[in-house]
Amino acid sequence: MVVLFAGYGLGRLSNSAERVQATSAALNNGVASTTAPHDDIGAAPHVHTADGTNAQPAAAAAEAVGGLTITSAGLTLVPEATSLKAAPSQPYRFRITGPGGAPITTYAVVHDKPLHFVLIRRDLTGFQHLHPTMAPDGTWSVDLALTAPGSYRAITDFTAVVGGRQTPVTLGVDLTVAGDYRPVPLPAPVTQATTDGFVISYAGTPRTTATQPLLMTVTGPDGKPATLEPYLGAFGHLVVLREGDVGYVHVHPEAQPVDGAVKFWLTAPGPGRYRMFFDFQVAGKVHTAAFTTVVR
């Protein structure tokens, strides 16, 4: 299973503006404590050493990757529809249900949000990292930009609170946009990308046998190191998606930049080609840089 290092990934419960309700029995001055760290791909909690490396054996880490199933740990992703039209913006709704089919309405807030939603076409284009809002009946809503036909993977990353217990799960479902689908080949592997005038470089080589450091450096349009701001509780977020099955990894960095670089720890779930999406915030605006990498 992919090993994810969350720089400071303890889930916390609170009554949020998104109407996510925490169980009153667990509340303590409006914030509930947790005894186990959130794991973004639904694995059992794992332990890191003092230098941030993962103490869990690599063999165990490679057993699975997130977002490949619609049901896990007794929870099910129930989309309102799976066939959508091509449009620059359209509403999309879904629910997360428990073993008896009742909607889940209580979630832990992890990295400032109760649920992270990633949308990607199966050729790994059209990446979107969104945060739906939940109605009191447990229905989640989000606006999607689907401008190109094809098969998309919708991935929900959350920690449900069921019976007072936190359950981290990542579920996925295919969405279809009708039309003339023309897959786009993956760009060649590079270690530098540009977006919105920023130049983003990374150093490090993902491997399948050990957790490796990956450092992201951002240079502003003025040629100077960009001043990164915390976004969703961290100085960056890294979503890694595998070619073929769209296996999902969401990695959080160390708490503070290291020599100006955002430092992640990553174990690749297996050999193959991957697309990495690095979200960062400067001057209140979020930007996303994309890289292709090959794991051998």
Side-chain angles (χ1 to χ4, degrees), residues 2 40-41 62 64-71 77 79-94 116-132 142-157 170-196 198-202 205-208 214 216 237-251 266 268-280 286-296:
V2 173
D40 298 280
I41 58 172
V65 63
L68 297 179
T69 64
I70 200 169
T71 297
L77 170 58
E80 186 176 83
T82 56
S83 295
L84 304 173
K85 61 183 180 180
S89 179
Q90 62 184 295
Y92 175 72
R93 287 176 287 272
F94 63 93
H116 297 262
F117 184 98
V118 167
L119 182 72
I120 190 81
R121 203 166 71 160
R122 280 196 167 267
D123 60 358
L124 303 187
T125 62
F127 173 80
Q128 298 174 57
H129 181 178
L130 307 170
H131 300 100
V142 65
D143 288 336
L144 303 182
L146 297 169
T147 58
S151 178
Y152 290 77
R153 191 69 176 170
I155 298 169
T156 56
D157 181 350
T170 304
L171 304 176
V173 65
D174 281 340
L175 306 179
T176 301
V177 177
D180 184 13
Y181 170 53
R182 297 178 181 271
V184 177
L186 281 185
V190 294
T191 58
Q192 188 177 89
T194 59
T195 181
D196 303 327
F198 292 90
V199 177
I200 303 90
S201 304
Y202 82 87
T205 304
R207 297 181 182 176
T208 62
L214 206 65
M216 296 281 181
H237 290 260
L238 185 66
V239 171
V240 182
L241 296 163
R242 183 167 59 189
E243 182 184 41
D245 63 359
V246 199
Y248 165 90
V249 183
H250 184 180
V251 194
L266 173 67
R273 297 198 299 175
Y274 293 79
R275 195 74 168 149
M276 302 192 303
F277 298 91
F278 172 54
D279 291 335
F280 62 95
V286 178
H287 308 270
T288 302
F291 303 87
T292 298
T293 188
V294 178
V295 178
R296 304 186 188 282

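- Between Q128 and Y152 the shortest side-chain heavy-atom distance does not fall below 4.5 Å.
- For the atom pair R273 CZ and L186 CG, the distance stands at 4.5 Å (nearest 0.5 Å).
- Looking only at side-chain heavy atoms (C-beta outward), L214 and V251 stay at 4.5 Å or farther from each other.
- Taking both residues in full, the closest heavy atoms of P79 and F94 are given as CA-CB, 3.9 Å, listed atom of the first, atom of the second, then distance.
- Inter-residue side-chain proximity for T293 and Y202 is flagged as met; some heavy-atom pair is nearer than 4.5 Å.
- With rounding to the nearest 0.5 Å, the separation of OG1 in T156 from CG in L130 is 12.5 Å.
- At a threshold of 4.5 Å between non-hydrogen side-chain atoms, the residues F291 and L238 do not count as touching.
- The shortest non-hydrogen separation linking R275 to A290 is NH2-CB, 3.6 Å.
- Side-chain contact between T195 and F280: present, with at least one pair of heavy atoms (C-beta onward) separated by less than 4.5 Å.
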| task | Step by step, work out the side chain to side chain contact (heavy atoms under 4.5 Å, CB included) result for L146 and L119. | result | CA-CA 10 Å; L146 297 169; L119 182 72; 3.5 Å; yes
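- Between Y248 and D157, some side-chain heavy-atom pair lies under the 4.5 Å cut-off.
- Partners of D123 by salt bridge (Lys or Arg N to Asp or Glu O under 4.0 Å), not counting sequence neighbours, listed by chain and number: R121.
- In terms of heavy atoms, A86 sits closest to V177 at N-CG1, 3.6 Å.
- Nearest heavy atom pair, residue T147 against residue P88, reads CG2-CA, 3.9 Å.
- Minimum heavy-atom separation, L175 to A154: CD1-CB, 3.9 Å.
- One finds the CG atom of D245 at 5.0 Å from the CG atom of L68 (value rounded to the nearest 0.5 Å).
- Taking all atoms of both residues into account, the shortest heavy-atom contact from I155 to V246 is CD1-O, 4.2 Å.
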| message | Assess the residue pair I70 and L77 against the criterion (side chain to side chain contact (heavy atoms under 4.5 Å, CB included)); give the C-alpha distance rounded to whole Å, side-chain angles, the decisive distance to 0.1 Å, and a yes or no. | response | CA-CA 6 Å; I70 200 169; L77 170 58; 4.0 Å; yes
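- No side-chain donor-acceptor contact under 3.5 Å links Q90 to the backbone of L84.
- Side-chain contact between F277 and H129: absent, with no pair of heavy atoms (C-beta onward) separated by less than 4.5 Å.
- Annotation: side chain to side chain donor-acceptor pair (under 3.5 Å) contacts involving residues 173-191, sequence neighbours excluded, comprise R122-D174, R153-D174, D180-R182.
- When atom types are taken as modelled, the side chain of S89 and the backbone of D143 share no donor-acceptor pair closer than 3.5 angstrom.
- To the nearest 0.5 Å, atoms CE (M276) and OG1 (T292) are separated by 8.5 Å.
- A heavy-atom distance below 4.5 Å is found between the side chains of Q192 and S201.
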